[in-house]
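What follows is a set of notes on a single structure, which appears directly below.
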Amino acid sequence: MTHATIRIIRQEHAALAAMLRSIVMLLEQHRRKGTRPDFTSLRAMLFYVDEFPEKRHHRKESELLFPKLRARTPISRELMDRLDNDHAWGERKIRNVEHALLAFEMLGDSRRAAFESAVEQYVDFYLNHMALEEREILPLAERVLTAEDWRELDEAFGRNRDPLTGYPPEREYEALFSRIVNIVPAPIGLGAEA
Ligand SMILES: [Fe+2]
Ligand SMILES: [Fe+2]
């Protein structure tokens with residue numbers, strides 16, 4: 001049986017990956033056509049990344065999952081240091097991308113390429129990060145964590161779920177998510193059971 005924590009992490013990764021890829025695709029389309037993107041939608045998407053993956057998902061990994069793993073095994077500690085470091089820098093990186101977006105919006109085409117490259121770097125960074133967690137950390141967790149560890153993790157990861165994985169958003173996020181869901185192709189089936 002797969003633990004709820006593992007399923008939730010994979011689903012939230014899939015939602016973030018879909019969101020990031022759709023931003024890249026959107027920018028490519030506008031570049032080809034020479035048009036300006038819908039900046040309000042782009043701001044909504046980047047704001048989501050800042051509110052959910054950055055402040056909730058990554059934080060739970062660094063504050064709950066990794067410490068439990070470090071307590072159970074000496075394996076992969078350097079990798080977890082690196083992933084913790086990614087988490088610590090993630091918020092700064094997304095702010096840089098948001099700033100580059102604002103520059104493109106305010107100053108126009110002279111800042112298009114800089115924004116596109118900021119997005120591409122950010123997307124590569126997080127796709128690599130999530131791939132490492134799925135390849136190295138989740139299988140290790142399945143090997144070494146105890147039933148008690150899983151109870152605590154399942155409870156924590158079950159809270160504040162990412163609405164892009166099909167969970168009803170909290171009231172204050174409703175408008176933001178209906179805007180985003182209309183742009184991003186549903187990657188994993190809205191309403192998916194977890
Ligand atoms: Fe992470
Ligand atoms: Fe993660």
Side-chain angles (χ1 to χ4, degrees), residues 1-24 45-98 118-145 149-167 169-170 173 176-177 180 184 186-190 192-194:
M1 186 200 83
T2 313
H3 296 282
T5 298
I6 301 276
R7 285 200 308 273
I8 292 166
I9 289 176
R10 287 184 186 279
Q11 286 177 345
E12 293 186 350
H13 284 178
L16 177 57
M19 161 72 72
L20 295 174
R21 290 197 175 102
S22 63
I23 295 175
V24 171
M45 291 157 102
L46 294 179
F47 180 72
Y48 148 81
V49 174
D50 206 0
E51 284 286 302
F52 276 83
E54 289 294 350
K55 289 198 174 59
R56 300 184 180 202
H57 176 99
H58 298 315
R59 200 165 282 176
K60 283 186 237 177
E61 290 171 340
S62 271
E63 291 177 5
L64 300 168
L65 175 62
F66 296 173
K68 287 194 187 302
L69 279 170
R70 288 178 201 276
R72 299 281 176 215
T73 174
I75 298 172
S76 289
R77 286 201 181 151
E78 274 178 27
L79 174 60
M80 281 187 271
D81 289 346
R82 183 183 148 187
L83 295 167
D84 272 334
N85 192 51
D86 287 351
H87 292 160
W89 281 96
E91 282 194 52
R92 172 78 62 89
K93 286 179 193 286
I94 191 70
R95 294 297 150 68
N96 289 341
V97 177
E98 287 173 317
V119 167
E120 275 160 31
Q121 278 176 34
Y122 184 81
V123 171
D124 284 350
F125 163 72
Y126 260 125
L127 292 181
N128 277 327
H129 174 93
M130 294 189 291
L132 269 174
E133 287 176 342
E134 295 195 12
R135 203 172 59 232
E136 307 287 336
I137 298 299
L138 299 185
L140 180 66
E142 282 178 316
R143 286 206 305 278
V144 303
L145 295 185
D149 291 333
W150 287 115
R151 255 195 304 281
E152 281 177 46
L153 288 171
D154 289 353
E155 207 263 313
F157 275 85
R159 280 196 305 259
N160 312 127
R161 302 283 297 271
D162 184 338
L164 276 193
T165 64
Y167 278 77
E170 293 151 50
Y173 288 109
L176 174 70
F177 275 90
I180 289 175
V184 184
I188 39 196
L190 294 182
E193 204 28 63

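Keep in mind the model is a prediction, meaning the values are calculated, not measured. Counting starts at 1 for both ligands and their atoms, in listed order.
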Between Y173 and Y48, is the ring pair (Phe, Tyr, Trp, His ring centres under 6.0 Å) condition met? List the steps. CA-CA 9 Å; Y173 288 109; Y48 148 81; 9.3 Å; no
H129 vs E134, test: side-chain contact (heavy atoms from CB on, under 4.5 Å). Steps then yes/no. CA-CA 9 Å; H129 174 93; E134 295 195 12; over 6 Å; no
Result for ring-ring contact (aromatic ring centres under 6.0 Å, His included) between Y126 and one of H58, H87, H57, H13 points to H58
What N, O or S atom of E61 is found closest to the Fe ion (ligand 1)? OE1
Quick one: report the N, O or S atom of E133 that is nearest to the Fe ion (ligand 1). OE2
Give the minimum heavy-atom separation between L145 and L153, together with the two atoms involved. CD1-CD1, 3.5 Å
Can you name the N, O or S atom of H57 that is closest to the Fe ion (ligand 2)? NE2
H13 near the Fe ion (ligand 2): N/O/S under 2.8 Å: yes
With a cut-off of 2.8 Å, does H129 put an N/O/S atom close enough to the Fe ion (ligand 2)?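 Within the cut-off used here (under 2.8 Å), H129 places no N, O or S atom near the Fe ion (ligand 2).
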Could you tell me the separation between the CG atom of L140 and the OG atom of S76, rounded to the nearest 0.5 Å? 5.0 Å
